[in-house]
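First the proteins, then the strands, lettered A, B, ... as listed; each starts at 1.
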Amino acid sequence: MLALTDFSSRLIAWQRIHGRHDLPWQNTRDAYRIWLSEIMLQQTQVSTVIPYYARFLDRFPTVTALADAPIDDVMALWAGLGYYSRARNLHRCAQVVAHEHGGAFPQTVDELAELPGIGRSTAAAIASFAFAARATILDGNVKRVLARVFGVAGFPGEKKVESAMWKLAESLLPDAANKDEVTAYTQGLMDLGATLCVRGRPDCARCPFAPDCVANIEGRQRELPAARPKKAVPTRKTWMLVLTDGDSILLQKRPPTGIWGGLWSLPEAADEGALAEVALNLGGAEPLQRLAPLSHTFTHFKLDIEPRLGEARGPAREATDTETVWAPLARIDAYGVPAPVRKLLDALAGSLI
DNA sequence: TAGACGTGGGC
DNA sequence: TGCCCAAGTCT
């Protein structure tokens with residue numbers, strides 16, 4: 001077994017030379033910037049986050065600016081990044097910080113973890129980066145590193161395995177570390193997992209833990225960490241209505257919870273006939289025109305979409321209880337629209353011009 | 001507590 | 001192509 005007292009010092013030394021030091025959210029102690037990056041980086045890769053992060057900071061330079069913004073603006077800026085409860089919680093968190101904490105983030109892990117959208121690992125990341133707190137993260141990178149270096153068996157998503165990893169991660173924290181050491185340690189955990197100890201083909205030759213790593217010594221890099229148990233992915237099918245009025249299309253606000261919660265999307269129905277009825281009620285003329293079907297795969301199900309194109313010919317027959325808006329196709333980016341719907345509308349805009 | 005919750009990249 | 005998963009949290 002690797003000498004535990006050596007883990008943190010070796011990691012810190014490695015991070016200082018070989019780690020990442022120029023990501024957009026590094027080289028600052030600004031809790032707002034660190035928090036924003038950590039929320040965006042939840043289950044999302046660095047390269048995907050970078051442009052979103054830049055746009056958010058540009059539009060919302062401070063937590064107060066974000067708190068004061070309409071939720072629809074936040075959703076529009078978040079659109080395409082996925083996991084939209086993060087955007088709703090981001091906005092709520094900004095309001096709590098602005099109005100209940102005087103605009104300053106609390107500095108302890110426990111207080112941070114009480115805020116919306118901040119769990120145990122994100123709280124530790126913010127506390128260590130912004131306030132040099134001695135707290136461990138446990139994200140996908142750390143789980144992979146720990147599973148390999150220490151030979152931790154079992155799927156890390158399982159409660160029992162995850163609990164063991166939290167304990168292990170806690171035990172590895174450097175003690176009496178100064179601010180820069182805390183930052184280098186936490187960043188080092190992420191950097192090692194993201195740049196060397198990657199899932200596919202880990203670069204063990206450059207790893208500071210190679211001589212002690214269980215996976216490396218036993219040639220079990222592919223087996224650790226244990227894979228998620230396979231599960232069948234169910235398929236759902238939906239019919240979507242692209243109702244046009246000149247250069248505008250009709251969007252409806254989705255309910256705040258569930259898939260694409262709080263985004264603007266197309267009216268939907270469970271079959272062809274039901275969609276025709278939806279179109280009629282919204283003032284659409286018959287018949288509807290078939291568009292190319294598309295398929296979108298989520299983490300837990302596959303969605304087959306049958307889009308239908310219709311033209312508005314009259315006023316809506318009845319008021320819907322769903323918030324509705326006519327959005328100019330050229331201004332669609334002002335609305336938070338799900339990625340596959342956005343692709344559909346972009347293609348349509350191209351063909352209509 | 002296991003399932004819901006997005007999207008795009010890597011292989 | 002299709003499978004796996006990424007700086008997780010919430011319920």
Side-chain angles (χ1 to χ4, degrees), chain A residues 19-20 23-26 34-53 75 78-90 92-93 112-129 136-145 155-163 165-166 169 186-195 197-202 222 225-236 254-263 265 294-303 336-343:
Chain A
R20 297 172 293 184
L23 295 170
W25 39 86
Q26 290 185 290
I34 291 163
W35 162 72
L36 180 61
S37 73
E38 290 302 331
I39 301 300
M40 287 186 163
L41 287 160
Q42 287 169 1
Q43 298 287 284
T44 311
Q45 296 184 340
V46 165
S47 58
T48 302
V49 164
I50 286 175
Y52 284 87
Y53 181 75
M75 298 307 294
W78 196 276
L81 199 52
Y83 283 143
Y84 297 98
S85 65
R86 289 186 296 171
R88 298 189 297 274
N89 284 332
L90 185 85
R92 285 204 295 139
C93 182
L112 286 165
E114 286 177 17
L115 295 168
I118 301 180
R120 183 174 175 184
S121 186
T122 299
I126 298 169
S128 68
F129 286 140
T136 189
I137 58 169
L138 186 65
D139 61 13
N141 287 313
V142 184
K143 286 174 180 173
R144 192 166 51 253
V145 169
F155 169 55
E158 192 184 329
K159 180 70 180 166
K160 195 173 63 179
V161 178
E162 184 172 299
S163 298
M165 285 191 165
W166 272 113
T186 302
Q187 190 65 49
L189 284 175
M190 296 171 168
D191 290 352
L192 194 69
T195 66
C197 196
V198 295
R199 184 169 63 99
R201 196 182 285 271
R222 249 181 345 153
R228 172 188 304 276
K230 290 183 202 215
K231 228 177 296 180
V233 177
T235 298
R236 302 181 198 168
R254 294 184 61 86
T257 57
I259 202 80
W260 298 334
L263 292 186
S265 191
L294 58 152
S295 185
H296 187 73
T297 303
F298 297 87
T299 308
H300 50 302
F301 68 96
K302 178 165 166 271
L303 185 64
V337 173
V341 175
R342 177 64 192 264
K343 281 176 196 159

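Remark: the separation of the P atoms in C:dC5 and B:dG3 is 16 Å, to the nearest Å. On the C1' atoms, C:dT9 is 23 Å away from B:dG9, given to the nearest whole Å. Rounded to the nearest Å, the gap between the P atom of B:dG8 and that of C:dC10 is 24 Å. Comparing C:dA7 with B:dA4, their P atoms sit 23 Å apart, to the nearest whole Å. For the C1' atoms, the distance from C:dG8 to B:dT1 is 16 Å, rounded to whole Å.
Considering only residues two or more places apart in sequence or on other chains, A:K302 meets the salt bridge (charged side-chain N to carboxylate O under 4.0 Å, His left out) condition with A:D304. Not a single salt bridge (charged side-chain N to carboxylate O under 4.0 Å, His left out) links A:R88 to another residue, sequence neighbours left out. Residues forming a ring-ring contact (aromatic ring centres under 6.0 Å, His included) with A:Y53 (at least two apart in sequence, or on another chain): A:W25. By the salt bridge (charged side-chain N to carboxylate O under 4.0 Å, His left out) test, A:R20 is found to be paired with A:D191, residues two or more places apart in sequence or in another chain being considered.
The distance between atom NZ of A:K302 and atom C1' of C:dT1, rounded to the nearest whole Å, is 12 Å.
The aromatic rings of A:F298 and A:H296 stand perpendicular to each other, their planes meeting at an angle above 60°, with 30° marking the opposite boundary.
The residue A:K160 sits apart from the nucleic acid: no heavy atom pair falls under 4.0 Å. Residue A:A125 is out of contact with every strand shown, counting any heavy-atom pair closer than 4.0 Å.
A:L81 CG to A:T48 OG1: the interatomic distance, rounded to the nearest 0.5 Å, is 7.5 Å. In this structure, the separation between CZ on A:R120 and CH2 on A:W166 is 4.5 Å, given to the nearest 0.5 Å.
Here the range on DNA chain B touched by chain A, meaning any atom under 4.0 Å from one of its heavy atoms, is B:dT1 to B:dG9.
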Walk along nucleotides 4-11 of chain C from 5' to 3' and tag each nucleotide B, S or - by protein heavy-atom contact under 4.0 Å, base first, then sugar-phosphate. BSBBBSS-
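Of the possible donor and acceptor atoms, one in the side chain of A:R86 sits under 3.5 Å from a partner among the backbone N and O of A:Q42. A side-chain donor-acceptor contact under 3.5 Å links A:S121 to the backbone of A:L138.
Mapping A:G157 and A:H296 onto DNA chain B by nearest heavy atom places A:G157 at the nucleotide closer to the 5' end. Looking at which nucleotide of DNA chain B each of A:R236 and A:K343 is closest to, the 5′-most match is held by A:R236.
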